[in-house]
Amino acid sequence: MSQLPDPWTQGLAAGWRVTDCSALERDLQLDCDVVIVGSGAGGGITAEVLAEAGLDVIVLEEGALKSSRDFRLRENEAYPQLYQESANRQTVDKGITILQGRTVGGSTTVNWTSSFRTPAATLDWWQRQYGLAPLSVAALQPWFERAEQRLGISDWAMAPNANNSVLGEGCRRLGIAVAPIRRNVRGCWNLGYCGTGCATNAKQSMLVTCLPGALQRGARLLTRLAVTRVQCSADGGTAQGIVGRALAADGIHGNGRQVRIRARHVVLSAGAIGTPAILLRSGVPDPYHLLGKRTFLHPVVLSGAIMPQRIEGFHGAPQTLYSDHFLHTQPLDGPLGFKLEVPPIHPLIFAATLPGFGEQHAGLMRQLPHLQVTLGLLRDGFHPQSQGGQVKLRADGSPQLDYVMGDVEWDGARRALLQMAEIQFAAGARAVLPVHEDGGVARSWAQARQMIAQLPMQLLRTRVVSAHVMGGAAMAGQPQQGVVNHLGAHWQVRGLSVIDGSLFPTSIGANPQLSVYALALRAAHALAQTLRTA
């Protein structure tokens, strides 16, 4: 199996128009048809569609351009280079750690490739509750199919690694439905280090698919550029471009240069924290006080198991099996259901996630080769008390997410920990340890059940993480319910669209990248038609 070529090596040599704003020696002003803020799932898809339509496109990315020549499977390099806040972005109360990409390709460059269509129940809810009649399963099917074909999304042909196999075996022994996860890869080497950037270019992220496709068709890319605001007309009713500040080589501090881009249309694809923050900084109309609110996370709790066999969860495709059993056993607007998957177990990030200190922590780390981890991903946003969080601005204008875990979330977290422990013991675990500061090690399912039932479900004691940020600039069928319409067009500002996970009016109950891809394809084709006929 050979490494696929790095498209950036030949592309840059052939003259792709890429500007690293850290090297700017003076202010920069550019003009284009469409400026796209963000190069992840929404921005990458949109850039390729619009460039194919013959439009002059500029893509902006806050992070740096890194490609397979830079990916060396090293956590200590990948997290500061490729993630927001060095993979340590947190909610205001520090209770939830959030993994988001900050590099060309966004989170698609560092995700674990899991690809699910938006669940039918979620789409039905959006139609009934938010007036999104156009978003039916049938209407979206061709867009899902196009995204899957473009990005190599298909069934995973290899056997699951040992980490995933434990989930599969435990579920089967308990009669719990389990199924394979589809992945967006071509020629995968099965290394297991997807989260540090794909060193073989097998992952069909925006980095190796749509962004090269857009640049090949004349699009421009600016990196290390932090967009400050959308520039609007004097009456605030029309977007006219963006204003940003160039970052220094460290990607954090400004280098003193300003960038202005005038455009016929502005597309915000900066993610469900970045996009609402830009809109807030821009002071765009928000007559119904919806902007930044109802931001969802799929809060994740974790359960570790010490297995008799070697697991080595740092090897092999990270996510290849899942169970939605505990989503289907709960009504959509009832107690929070949860999806079961497994995460890869890499030493650095796992050491930062494990509870305990000193010898206790060191002892658990010594068990790493025999450790299996299962995650429970909570479906937030449907229960009346599950209202999500709110994107806010710090004094310096940087974004932060205020997300409070309430009673319904903590109830779901406890149930998820219980079910995961039962599955792990059914699979043959010698011991189970819920990732909780007060958890300890349970040697039997009966002991685990008693222990977890008594654990205080509280902030900073229960370890909660997330890699799925959704909402904050939600779509709806009327402006009283959403910031944008079903195609991402802003209700109050002409020439302004949101095309990323910010659109979702709830979480979706599945890994969101394919949902973003399909909705972005649909919105981008509609936008291309509008701009070509304007």
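Only this structure's heavy atoms are used, side chains among them; waters, hydrogens and symmetry mates stay out.
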Hey, mind stepping through V267 and V37 against side chain to side chain contact (heavy atoms under 4.5 Å, CB included) and telling me if it holds? CA-CA 6 Å; V267 174; V37 183; over 6 Å; no
Only counting residues at least two apart or in another chain, list the ones meeting side chain to side chain donor-acceptor pair (under 3.5 Å) with S497. H265
Measure from the side-chain N and O atoms of H383 to the backbone N and O of Q385, and report whether any donor-acceptor pair falls under 3.5 Å. yes
Checking N161 side chain against S165 main chain: does a donor-acceptor pair fall under 3.5 Å? no
Residues that F296 engages under ring-ring contact (aromatic ring centres under 6.0 Å, His included), provided they are two or more places apart: none
Could you check whether any side-chain N or O of S269 sits under 3.5 Å from a backbone N or O of G38, counting only pairs where one atom can act as donor and the other as acceptor? no
Check this for me: D407, atom CG, are more than 12 non-hydrogen atoms of other residues, nucleotides or ligands nearer than 6.0 Å? no
Give the C-alpha distance, both sets of side-chain angles, the deciding distance and a yes or no for side chain to side chain contact (heavy atoms under 4.5 Å, CB included) between T462 and W410. CA-CA 9 Å; T462 312; W410 287 127; 3.5 Å; yes
W445 six-ring face occupied by R449 cation (under 6.0 Å, within 45°): yes
Return the set of residues passing side chain to side chain contact (heavy atoms under 4.5 Å, CB included) with L393 (not counting sequence neighbours), or none when no residue passes. A277, L280, R281
Quick one: does R229's side chain have a donor or acceptor within less than 3.5 Å of a partner on I278's backbone? no
Please report the interatomic distance CD1(I423) to CZ(R172), rounded to the nearest 0.5 Å. 11.5 Å
For D333, check side chain to side chain donor-acceptor pair (under 3.5 Å) against everything at least two apart and list the hits. none
Is the distance between the ring centroids of W126 and F504 under 6.0 Å? yes
For Q204, is there any backbone N or O sitting under 3.5 Å from a side-chain donor or acceptor partner on N184? yes
Under the rule for ring-ring contact (aromatic ring centres under 6.0 Å, His included), what residues qualify as partners of Y517, not counting sequence neighbours? none
Considering only residues two or more places apart or on different chains, which pairs with a residue in residues 452-479 satisfy salt bridge (Lys or Arg N to Asp or Glu O under 4.0 Å)? E437-R463, D438-R461
Under the side chain to side chain donor-acceptor pair (under 3.5 Å) test, residues paired with R183 that sit two or more places apart: T113
Treating D500 as the side-chain partner and A41 as the backbone partner, does any N or O pair qualify as donor plus acceptor under 3.5 Å? no
Does any N or O in the side chain of T275 come within less than 3.5 Å of the main-chain N or O of A270, such that one atom is a donor and the other an acceptor? yes
Once side chain to side chain contact (heavy atoms under 4.5 Å, CB included) is applied, do any residues pair with V465, and if so which ones, sequence neighbours excluded? T97, V300, L302
State which residues pass ring-ring contact (aromatic ring centres under 6.0 Å, His included) with H298; sequence neighbours excluded, sorted by chain then number. H468
T122 side chain to I508 main-chain N or O, any donor-acceptor pair under 3.5 Å? yes
So, does T46 use its side chain to make a donor-acceptor pair with the main chain of G43 at under 3.5 Å? no
Backbone of H289 reached by a side-chain donor or acceptor of K293 within 3.5 Å: yes
Regarding Q372 and T374, do their side chains bring together a donor and an acceptor under 3.5 Å, going by distance alone? yes
With sequence neighbours excluded, give me every salt bridge (Lys or Arg N to Asp or Glu O under 4.0 Å) pair touching residues 101-124. E62-R102, R117-E148, D124-R128
What residues, two or more places apart in sequence or in another chain, satisfy side chain to side chain donor-acceptor pair (under 3.5 Å) together with Q450? none
With sequence neighbours left out, write down each residue that passes ring-ring contact (aromatic ring centres under 6.0 Å, His included) with W156, or none if nothing qualifies. none
Do we get K339 above F116's six-membered ring, with its NZ or CZ under 6.0 Å from the centre and within 45° of the axis? yes
